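A short worksheet on the structure shown next.
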Amino acid sequence: MIRIFREDTQWAIAGNVSMVALERLAGQLPKELQGDGSKIVAGNDGFAALLVFGDLPNESLAKQL
């Protein structure tokens, strides 16, 4: 089992994007990164971010998403 801590954010996708769109992206993450392995955070003025924790696939996965 891989221990994942929220303070260990490895990479994020952020922008002026809807939460629904980020939820769809999170659904494409490997199972290990879903649930406690990632979090969607709403910001101001329509901005949101998909945060990914732990030492699983690096930012090349973000490029694929």
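Note that this is a predicted model, so its numbers are computed, not measured.
Under the rule for a side-chain contact (heavy atoms from CB on, under 4.5 Å), the partners of Ala21 that lie at least two apart in sequence or sit in another chain are Val17, Ser18, Arg24.
The structure places CD1 of Ile40 at 10.0 Å from CD1 of Ile13, a figure rounded to the nearest 0.5 Å. Taking CD of Glu32 as the start and OG of Ser38 as the end, the distance is 11.5 Å to the nearest 0.5 Å.
When all heavy atoms of Trp11 and Leu29 are compared, the closest pair comes out as CH2-CD2, 4.0 Å. Heavy atoms only, all atoms of each residue included: Phe53 and Thr9 are closest at CE2-OG1, 3.3 Å. What you find for Gly27 and Gln34 is that their closest heavy atoms are O-NE2, 3.3 Å.
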